[in-house]
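Shown next, in structure tokens, is the structure this report addresses.
Note: hydrogens, waters and symmetry copies are ignored here, and every other heavy atom, side chains too, is used. In the text below, chain A, chain B and the rest are named by the order of the sequence lines, each starting its count at 1.
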Number of protein chains: 2
Amino acid sequence: MTPAERLDATFAALADPTRRAILARLASGAASVSELAEPFAMSQPAISKHLKVLERAGLIVSGRDAQRRPRKLDAAPLAEAAGWIERYREIWEANYQRLDALLDEMKRTGAGKKRKTKE
Amino acid sequence: MTPAERLDATFAALADPTRRAILARLASGAASVSELAEPFAMSQPAISKHLKVLERAGLIVSGRDAQRRPRKLDAAPLAEAAGWIERYREIWEANYQRLDALLDEMKRTGAGKKRKTKE
């Protein structure tokens, strides 16, 4: 996969609450498919489908135990995704600063009705 | 939209190279639909479809100029997405440290054939 294809696969895998919850579960340790299925009102085939999407993105790998085949988190694709998003940090932080300045100005001139909570 | 639905929409919007390129373009300033379509070998309707996905995720907003309707980046959803991914930073950094330690060990014992570039 090219870096762009890896980002496509990672972001697509993250665009689902069940898959994000599976990753959150695996962050605290490896788990078998039935253990992963447990907290969800979902059939094992439905969970397996989600696991396949996560595996294709390289976000999970299967352990060596042939019987249980425990799934493990591989966070490396998340590091790449974070690297892409981080380029925009300057922009969102500048926006927050502008908002802060605006709230300060409103407070100073008495135009705001509420005090800002963050000082 | 709930926070989970916002994450779904943001990650789905980011799972496409054209949409990521549109956001990169808008990071350097507002642009009209035809300006956005220019660098891509794509019809304006195809670009409009991508813009709709980005708009639904709140990643772009339409400017006030009724004629040009320039699109602007709104990085706030990216801040939320970064917040979700950041929870896993400890995990990927621990992995990199383990890899570093392994490379050090290989160098020390002469098991590695190449020197690591990062000291």
Chain B-proximal positions within residues 46-54 of chain A [heavy-atom distance under 4.5 Å]: none

Options B:A79, B:A75, B:A13, B:A94, ranked by heavy-atom pairs under 4.5 Å with chain A, top entry: B:A79

Selection from B:A24, B:A81, B:A76 maximising heavy-atom pairs under 4.5 Å formed with chain A: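 Of the candidates given, the most pairs with chain A belong to B:A24.
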
Positions in residues 14-22 of chain B that reach chain A, provided some heavy atom is under 4.5 Å away: B:L14, B:A15, B:D16, B:P17, B:R20

Non-hydrogen atoms of B:Y88 and A:L23 that approach each other most closely: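 Heavy-atom minimum between the residues: OH-C, 3.6 Å.
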
Exercise: identify the closest heavy-atom pair between A:L78 and B:I85: O-CG2, 3.5 Å

Atom group of A:E86 that falls short of 4.5 Å from chain B, counting heavy atoms: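 For A:E86, the contact with chain B is made by the side chain alone.
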
Other residues, nucleotides, ligands: >12 heavy atoms within 6.0 Å of A:E35 CD: yes

Atom CZ of A:R69 with >12 non-hydrogen neighbours under 6.0 angstrom: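 Not more than 12 within 6.0 Å, no.
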
From CA spacing to verdict: side chain to side chain contact (heavy atoms under 4.5 Å, CB included), B:W92, A:L73: CA-CA 10 Å; B:W92 76 66; A:L73 174 66; over 6 Å; no

A:Y96 with B:L59, same ILVMFWY side-chain cluster at under 4.5 Å: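 Same hydrophobic cluster.
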
